[in-house]
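Protein chains get the first letters and strands the later ones, always in sequence-line order, with residue 1 at the start of each. The shown structure was predicted, so the numbers you read here are calculated from the model rather than taken from an experiment.
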Amino acid sequence: MDLKSSFSGIFESILSKEPLFKDKDILRHSYTPSELPHRESEIKQLATILAPALKGETPSNILIYGKNGTGKTIVTKFVCDLLVETLKKNTNFYPVTPIYLNCEVTDTQYRILANLAKHFGEKIPFTGWPTDKVYNAFKKSIDEENRCVIIILDEIDKLVSKSGDTVVYNLTRINSELKNAKVSIVGISNDLRFTNYLDPRVQSSLSEEELVFSPYNARQLEDILRQRAEMAFKPGVLDEFVIPLCAALAAREHGDARKALDLLRVAGEVAERENAEIITEKHVRRANEKIESDNIVEVVRTLPTQSKVLLYAIILLEERGSEMVTTGEVYDIYKRMCKSLSLDILTQRRVSDLISELDLLGIINSHVVSKGRYGRTKEIKLEVSPVGIKLVLEDDTRLRNLSNFKFPQRRLF
DNA sequence: TGTCCACTGGAAGGGAGGGCTT
DNA sequence: AAGCCCTCCCTTCCAGTGGACA
């Protein structure tokens with residue numbers, strides 16, 4: 001029998017399997033449901049603050065705080081959608097234009113202004129213009145009409161930590177330069193302390209109103225999951241313990257609703273792949289492991305080459321039995337590795353920053369310790385299992401030769 | 001008590017690479 | 001083509017530091 005005929009009908013048989021999902025997209029982050037359980041009071045508060053926009057008044061600027069997956073973004077988008085719908089139904093109201101920007105992606109003054117201006121039809125190159133020119137183009141384009149522009153700066157803390165508060169400062173003061181339009185700002189942050197880094201003037205004008213989103217508890221997460229699961233899955237495919245388990249696991253991670261939804265979705269996918277007819281606790285546990293390892297693998301795979309070499313050096317040092325690895329040791333091995341790969345060698349200062357980045361990504365854990373007479377350094381520890389990560393690193397063609405890297409004979413420490 | 005180590009981490013600035021304007 | 005601008009990645013410089021040791 002030839003190969004092809006042994007696989008004949010493979011697609012038919014895959015597709016003929018009864019799927020467990022009715023609509024998987026309902027479990028994705030991007031989906032905005034028609035109801036947001038346990039966020040009624042936040043919706044009301046935000047709507048109350050933004051409502052004056054419809055009457056042609058400038059709403060107060062708002063800062064929204066809350067950990068990941070507490071519904072900040074979804075509530076803000078939900079309220080803005082409502083605002084726009086209200087506007088469509090009732091033409092007596094003053095026009096309102098909400099603009100959503102994620103500052104993790106749009107993270108410089110230039111890009112923020114260029115993005116805003118593009119919303120009003122301005123053609124702005126992604127680089128090349130002086131920033132004040134972009135600012136003026138934006139100002140001119142919004143001021144052509146009587147309207148209220150609500151600028152939503154999601155992850156505003158990332159913008160401020162990277163590019164300072166100049167854009168925010170300019171945006172909070174733009175109203176005094178506008179004749180027709182009005183601007184108000186909604187800043188969303190998951191770092192409560194980020195206003196400490198702001199100029200006091202920006203701080204006070206940005207946080208005219210503050211909203212804090214507390215984490216969901218396990219019971220609330222269950223409600224959210226039940227609501228979505230009803231729409232996402234076929235009836236009767238969920239074991240009764242699945243939702244409480246997803247909720248409990250996510251509640252442990254500061255009540256992250258996104259995590260809870262991911263768990264449920266991936267558990268469904270795992271079960272489907274196994275041809276199971278019912279999704280059980282076992283699938284949730286497997287989903288939990290899969291999500292964690294997929295995330296790490298993806299992060300490591302997309303690391304710049306230099307960081308990959310650095311990480312490889314840390315792994316080898318740990319494999320050699322060092323409980324704690326220090327910057328100096330890592331830098332020494334890193335230099336040797338770069339030499340053997342004919343890569344440029346970065347300075348220790350730069351490497352120190354790369355180590356901090358790896359820490360931020362959760363791949364390693366580093367903290368500064370003083371060893372007294374023997375100086376101050378970072379102690380570095382891997383946060384992930386070295387075996388899998390090593391394979392991911394060796395998968396990079398530029399690093400492949402490191403698999404037979406020889407440690408220097410001399411003990412380093 | 002002072003010294004001194006092995007760094008840390010802030011600041012400033014270089015330069016390459018993207019682009020625009022004149 | 002020359003002169004700018006913005007961003008990213010990096011180097012150089014250097015003050016600062018916690019705690020072991022003399």
**Message:** Evaluate A:I150 against A:L50 for side chain to side chain contact (heavy atoms under 4.5 Å, CB included), listing each step before the verdict.
**Reply:** CA-CA 9 Å; A:I150 298 173; A:L50 294 180; 4.0 Å; yes
**Asked** Given axes from five pairs at either end, by how many degrees does the helix from B:dT1-C:dA22 to B:dT22-C:dA1 bend, rounded to 10°?
**Response** 30°
**Message:** Check this one for me: any side-chain N or O of A:T347 less than 4.0 Å away from OP1 or OP2 of C:dT11?
**Reply:**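 Answer is yes, contact under 4.0 Å.
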**Asked** Are A:K162 and C:dC8 close enough that a side-chain N or O sits under 4.0 Å from OP1 or OP2?
**Response**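 Yes, such a contact exists.
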For [X] and [N], what is the distance between atoms [atom1] and [atom2] respectively, to the nearest whole Å?
{"X": "A:L354", "N": "C:dT11", "atom1": "CG", "atom2": "C1'", "result": "13 Å"}
{"X": "A:L310", "N": "C:dC10", "atom1": "CG", "atom2": "P", "result": "12 Å"}
{"X": "A:I124", "N": "C:dC5", "atom1": "CD1", "atom2": "P", "result": "17 Å"}
{"X": "A:R349", "N": "C:dC13", "atom1": "CZ", "atom2": "C1'", "result": "11 Å"}
{"X": "A:W129", "N": "C:dC5", "atom1": "CH2", "atom2": "C1'", "result": "13 Å"}

Which atom names give the shortest non-hydrogen contact between [X] and [Y], and what distance separates them?
{"X": "A:K308", "Y": "A:D396", "value": "NZ-OD2, 2.7 Å"}
{"X": "A:L402", "Y": "A:Y312", "value": "O-OH, 3.6 Å"}
{"X": "A:E394", "Y": "A:S403", "value": "OE2-CB, 3.6 Å"}
{"X": "A:A257", "Y": "A:L221", "value": "CA-CD2, 3.6 Å"}
{"X": "A:E209", "Y": "A:S60", "value": "CG-CB, 3.6 Å"}
{"X": "A:S161", "Y": "A:K158", "value": "OG-O, 3.2 Å"}

**Message:** If you assign each of A:S356 and A:R373 to its closest nucleotide in DNA chain B, which residue comes earlier from the 5' end?
**Reply:** A:R373
**Item:** 5' precedence on DNA chain B between A:G375 and A:K378 (nearest-nucleotide basis)
**Value:** A:G375
**Message:** Heavy atoms within less than 4.0 Å of DNA chain C: which residues of residues 100-119 of chain A have one? Give them sorted by number.
**Reply:**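 Going residue by residue through residues 100-119 of chain A, the ones with a heavy atom under 4.0 Å of DNA chain C turn out to be A:T108, A:Y110, A:R111.
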**Prompt:** How about A:F213 and A:Y65: are their ring centroids closer than 6.0 Å?
**Reply:** no
**Item:** Span of DNA chain B, from the first to the last nucleotide whose atoms fall under 4.0 Å of chain A heavy atoms
**Value:** B:dC4 to B:dT21
**Item:** Side-chain-base donor-acceptor pair under 3.5 Å for A:R376 and C:dT17
**Value:**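 Side chain to base: pair found, below 3.5 Å.
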**Asked** When all nucleic acid strands are considered with a 4.0 Å heavy-atom cut-off, which category describes A:I355: base, sugar-phosphate, or nothing?
**Response** nothing
**Asked** Between A:R349 and A:D353, does a salt bridge (charged side-chain N to carboxylate O under 4.0 Å, His left out) hold up when you go through it step by step?
**Response** CA-CA 7 Å; A:R349 176 70 189 83; A:D353 277 345; 3.1 Å; yes
Verify whether one side chain among [X] and [Y] offers a donor that lies under 3.5 Å from an acceptor in the other.
{"X": "A:N190", "Y": "A:N68", "result": "yes"}
{"X": "A:S356", "Y": "A:K378", "result": "yes"}
{"X": "A:S366", "Y": "A:D359", "result": "yes"}

**Request:** Choose from C:dA20, C:dT11, C:dC5 the nucleotide whose nearest atom is closest to any side-chain atom of A:T127.
**Result:** C:dC5
